[in-house]
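Computation of the quantities below employed the complete heavy-atom set of this structure, encompassing side-chain atoms and omitting hydrogens, waters and symmetry-equivalent molecules. Reminder, nothing fancy here: chain letters follow the sequence lines and each chain counts from 1.
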There are 2 protein chains.
Amino acid sequence: MKSLTIGQLAHEVGINPESIRFYEAQNLVPEPPRSLAGYRMYPLSAVLRIRFIKRAQELGFSLKEIKELLSLAEDRTTDCADVRELAQAKVAEISQKIQTLEAMKRALTVLAETCPGTGPAVNCSILESISSDEARHEN
Amino acid sequence: MKSLTIGQLAHEVGINPESIRFYEAQNLVPEPPRSLAGYRMYPLSAVLRIRFIKRAQELGFSLKEIKELLSLAEDRTTDCADVRELAQAKVAEISQKIQTLEAMKRALTVLAETCPGTGPAVNCSILESISSDEARHEN
DNA sequence: CTAAACCCCGTAGTTATCTACAGGGTCAAG
DNA sequence: CTTGACCCTGTAGATAACTACGGGGTTTAG
């Protein structure tokens, strides 16, 4: 067995065939050769490519960024620094998101703690606080 | 001046009129009375309501959740505990997101540090690692 | 030989949160 | 009384990353 149908490939990597076609349409996966009947016949290397995509997604890269990573990976003249730059930019972006979430969490935790936890909500401190706080950006 | 046109209200809270109509369509803001010409005429309290929405968004609530918060806030029989529960659930959700992001950040940081930072990317450790790592979920 | 399970293409729908038109009416200033 | 800034409705587009569907052909197991 030298090649895989789209279904076999999808099964192998744990996504569904439609997603693979979608990746193809987005130029993340090259168009594979076709069988006589027009079926996509994937080389085994396609498994690696899709795993790369999935792993990069887990690391927080968007498909657009993954496309960039893939073309860097394919270009023999790419310098490591280019790749590292993308990685570092993504780290910075993730850090920023974390900061924002931490700020939201702190603010909400304070609210939840202030709430008496029982009694009519008419004077619930959470609702009051949401109503009246002028955006205290802690980030 | 007892009421505001949609443009005045929008200006007052710093969003644009289209968003207010959108909130109305989503039942986050009640339909206001209309002028003879059919213009929306908002009571001053609409300012508070939209500020509530904005503040809750900053705290990480989705519009759907905000709708829930608003109806809790309006229902005189609501108990504080119901509100606190929503807040705590949101704190948990945010914590989870933070954890995921922390894991992504750690993994990516390791990659970026391992990368020599120069030289051909053919054997760039980042690309290699993305290719071969079997999803090491650290979360 | 037939029925299930697969594949094809193209288009449309999903979720969230708006934003942008198009094609009209209205109001205030000069 | 005209011009520009506003308002109306309804529909479509933006973004991400798929998912579903309709209406077909193909392959394979029994």
Which heavy atom of B/F61 sits nearest a heavy atom of B/A87, and at what distance?
CZ-CA, 4.3 Å

Measure CE/A/M41 against C1'/D/dT26 and give the value in whole Å, please.
13 Å

Choosing from C/dT19, D/dT19, D/dC7, which nucleotide comes nearest the side chain of A/S19?
D/dT19

Check whether any side-chain N or O of B/T5 sits under 4.0 Å from OP1 or OP2 of D/dC7, and answer yes or no.
yes

Are there over 12 heavy-atom neighbours, none belonging to B/E85, within less than 6.0 Å of that residue's CD?
no

Residue-phosphate contact under 4.0 Å: A/R40 side-chain N/O, D/dT26 OP1/OP2
no

Could you check how far CD1 of A/I50 sits from P of D/dC18, rounded to whole Å?
11 Å

Any ion pair linking B/R40 and B/E31 (charged N to carboxylate O, less than 4.0 Å)?
no

Could you state the atom-to-atom distance from CZ of B/R34 to C1' of D/dC6 in whole Å?
15 Å

Take atom CD of A/E24 and atom C1' of D/dC18, then tell me their distance rounded to the nearest Å.
15 Å

Between A/L44 and A/Y39, is there shared hydrophobic-cluster membership here, with clusters defined by ILVMFWY side-chain heavy atoms closer than 4.5 Å?
no

Minimum heavy-atom separation for A/K54 and A/G14, please, with both atom names.
NZ-O, 4.2 Å

So how far is it from A/K64 NZ to A/N27 CG, rounded to the nearest 0.5 Å?
13.5 Å

Below 4.0 angstrom from OP1 or OP2 of D/dT19, is there any side-chain N or O of A/N16?
yes

Protein and nucleotides 10-17 of chain C: nitrogen or oxygen contacts under 3.5 angstrom:
unit_1	atom_1	unit_2	atom_2	d
C/dT17	OP2	B/L63	N	3.3

If hydrophobic clusters are built from ILVMFWY residues whose side chains come within less than 4.5 Å, do A/V29 and A/M41 share one?
no

Distance check, rounded to the nearest 0.5 Å: B/E93 atom CD versus A/L101 atom CG?
10.0 Å

For nucleotides 24-27 of chain C, which of its nitrogen or oxygen atoms have a protein nitrogen or oxygen under 3.5 Å away, and what is each distance?
unit_1	atom_1	unit_2	atom_2	d
C/dG25	N2	B/Y39	OH	2.8
C/dT26	O4'	B/Y39	OH	3.1

Provide, to the nearest angstrom, the distance between the CD1 atom belonging to A/I20 and the P atom belonging to D/dA17.
17 Å

Nearest-Å distance for atom pair CD1/C1', residues A/I15 and D/dT19
13 Å

Let me confirm one number: the NZ-OG1 distance from A/K90 to B/T109, rounded to the nearest 0.5 Å.
13.0 Å

Measure from CD on B/E31 to P on D/dC7 and round the result to the nearest Å.
17 Å

Using whole Å, what does the distance between atom C1' of nucleotide D/dC18 and atom CD1 of A/I6 come to?
14 Å

